[in-house]
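Read the structure below first, then the notes.
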Amino acid sequence: MSNATDIPWSRQEFEQRLRDKERYYHIHHELHVLMNSGQVEQSVIQGWVANRFYYQTAIPMKDAAILANCPDREIRRHWVQRIIDHDGTAGDEGGIEAWLELGEAVGLSRAELVSHTHLLPGVKFAVDAYVDFARRQPWQVAASSSLTEMFAPTIHQARLDAWPTHYPWIEPRGYAYFRKRLTEARRDVEQGLAITLDYYRTRADQERALEVLQFKLDVLWTMLDVMWIAYIAKRPPYHNVGERP
């Protein structure tokens, strides 16, 4: 006789449990709360933009890893659009270029961003762990880790609504990335969610999917923890040991 915990959730319940993970999304992190309510200084915004740029540059590598592990031509034909969205094409330079423009809009140079001058070691560690995860896991598992996109339009819209008022010194052209992702993220969710709902069929597999999504949420949250320590608590890496050689 089957135990109730062995019975798979319905497709609808499984999707809802995935969506319920939103409470762990980094929009709720104290650093985001402060940023979105206008309570941080320019240097904090710059630090966030600079560190997040490392994540932006890693997204196409994560998606390339998924493609490299995926034998399904139809899936690849759709998933490759994510790489194009970030890396861009001639005439449409993509999300990484848009983030570089955001960096310039908040007072950073392209050289600072591209060289990762301000990258915190903890942020690098978290992002690299995410890319490594995508390389090592079955492509469906790596794809489902991208489902934090379910929650992304809310955070992008919050920035578009609040930041121009709170931070009038940010040049308006810097907001192009957030506007761009409002539609792209919603499209990507449809594909990623369909893959996830199809792939994880048993109850144990469905619970694994929740763990995978939580892992990605942990990556995003940890990035902000590291930035909080450096920019709000004013305890950057090695602050107590003096200059690094």
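The main-chain N or O of Gly94 is never found under 3.5 Å from a side-chain atom of Glu97 such that the two would form a donor-acceptor pair. Between the side chain of His239 and the main chain of Pro236, a donor-acceptor pair closer than 3.5 Å is present. Judged purely by atom type and a 3.5 angstrom limit, Asp87 has no side-chain atom pairing as donor or acceptor with the backbone of Pro60. For the pair Gln206 (side chain) and Trp9 (backbone), a donor-acceptor distance under 3.5 Å is present. A donor-acceptor pair under 3.5 Å is formed between the side chain of Asn51 and the backbone N or O of Gly47. Formation of a donor-acceptor pair under 3.5 Å by the Gln42 side chain with backbone atoms of Val106 is found in this model.
Around atom OH of Tyr24, no more than 12 heavy atoms belonging to other residues, nucleotides or ligands sit under 6.0 Å away. By the neighbour-count criterion of 12 heavy atoms within 6.0 Å, atom CZ of Arg136 is sparsely surrounded, having that number or fewer from other residues, nucleotides or ligands.
Note that NE2 of His118 is 15.0 Å distant from CH2 of Trp48, once rounded to the nearest 0.5 Å. Separation of atoms CD (Gln191) and CD (Gln81) is listed at 10.0 Å; rounding is to 0.5 Å. We find the OH-CH2 distance between Tyr54 and Trp99 to be 16.0 Å, quoted to the nearest 0.5 Å. A distance of 9.5 Å separates CD of Gln137 from CG of Asp132, quoted to the nearest 0.5 Å. Separating the CG atom in Leu108 from the CG atom in Leu102 is a distance of 8.5 Å, to the nearest 0.5 Å. Interatomic distance, Met35 CE to Ile232 CD1, rounded to the nearest 0.5 Å: 8.5 Å.
Scanning all heavy atoms of the two residues, the minimum distance from Ala50 to Leu113 falls at CA-CD2, 3.6 Å. The shortest non-hydrogen separation linking Pro138 to Tyr199 is CB-OH, 4.1 Å. Contact detail for Arg186 and Pro153: the closest heavy-atom pair is NH2-CB, 3.6 Å. The minimum heavy-atom distance linking Ile66 with Ala142 is given by the pair CG1-CB, 3.6 Å. The two residues Arg11 and Ala194 have their closest heavy-atom pair at NH2-O, 4.1 Å. Across every non-hydrogen atom of Val189 and Leu147, the tightest pair is O-CD2, 4.4 Å.
Ionic pairing of Lys21 and Glu211 is not present here: no N-O contact between side-chain nitrogen and carboxylate oxygen is shorter than 4.0 angstrom. Salt bridge status for Asp128 with Lys124: present, with a side-chain N to carboxylate O gap under 4.0 Å. Salt bridge Arg76/Asp63: absent, no basic N to carboxylate O contact under 4.0 Å.
In summary, of the residues considered (Arg82, Arg187, Arg19), a salt bridge (Lys or Arg N to Asp or Glu O under 4.0 Å) with Glu149 occurs for Arg82 alone. No option in Arg17, Gln16, Arg23 other than Gln16 meets the side-chain hydrogen bond (donor to acceptor under 3.5 Å, both in side chains) test with Asp20.
Judged by distance alone, the side chains of His166 and Asn36 never bring a donor and an acceptor atom under 3.5 Å apart. For Gln56 and Tyr177, the side-chain atoms include at least one donor-acceptor pair closer than 3.5 Å. Side chains of Lys216 and Ser144: a donor-acceptor N/O pair is absent below 3.5 angstrom, by distance only. Of the N and O atoms on the side chains of Trp79 and Asp188, not one donor lies less than 3.5 Å from an acceptor on the other residue. Using modelled atom types and a 3.5 Å distance limit, the side chains of Ser43 and Gln46 yield no donor-acceptor pair.
Looking at heavy atoms from C-beta onward, Val219 lies out of side-chain contact with Phe133 at the 4.5 angstrom threshold. For the pair Pro8/Tyr200, no side-chain contact is recorded, criterion being any heavy-atom separation below 4.5 Å from C-beta on. A 4.5 Å side-chain heavy-atom check between Glu104 and Arg110 finds at least one atom pair inside the cut-off. A heavy-atom distance below 4.5 Å is found between the side chains of Met150 and Leu18. Put simply, the side chain of Phe125 does not reach to within 4.5 Å of the side chain of Val226, judged on heavy atoms. Considering only heavy atoms from C-beta on, His86 comes within 4.5 Å of Arg181 through its side chain. Contact of the Thr222 side chain with the His29 side chain is not registered, since no non-hydrogen atoms from C-beta on lie closer than 4.5 Å. Trp169 is listed as a side-chain neighbour of Ile45, based on a closest heavy-atom distance under 4.5 Å.
Ring centroid separation for the pair His28 and Trp221 does not come in under the 6.0 Å cut-off.
Using cut-offs of 30° and 60° on the angle between ring planes, the pair Phe53 and His116 is tilted. Between Tyr175 and Phe178, the ring planes are tilted. Angles from 30° to 60° get that label. Ring pair Tyr55/Tyr130 is parallel by interplanar angle, where below 30° counts as parallel and above 60° as perpendicular.
Taken together through direct or relayed side-chain contacts under 4.5 Å among Ile, Leu, Val, Met, Phe, Trp and Tyr, Leu67 and Ile59 form parts of separate hydrophobic clusters.
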**Request:** Kindly indicate, with the supporting measurements, whether the criterion side chain to side chain contact (heavy atoms under 4.5 Å, CB included) is fulfilled by Ile27 and Phe151.
**Result:** CA-CA 9 Å; Ile27 194 173; Phe151 321 126; over 6 Å; no

**Prompt:** Should Gln140 and Thr196 be marked as a side chain to side chain contact (heavy atoms under 4.5 Å, CB included) after you check the CA-CA gap, both sets of side-chain angles, and the distance that decides it?
**Reply:** CA-CA 7 Å; Gln140 299 96 327; Thr196 300; over 6 Å; no

**Item:** Chi angles and distances behind the side chain to side chain contact (heavy atoms under 4.5 Å, CB included) call for Trp228, Leu34
**Value:** CA-CA 11 Å; Trp228 176 279; Leu34 290 179; 3.6 Å; yes

**Message:** Lys180 vs Asp85, test: side chain to side chain contact (heavy atoms under 4.5 Å, CB included). Steps then yes/no.
**Reply:** CA-CA 9 Å; Lys180 185 174 184 290; Asp85 288 342; 4.1 Å; yes

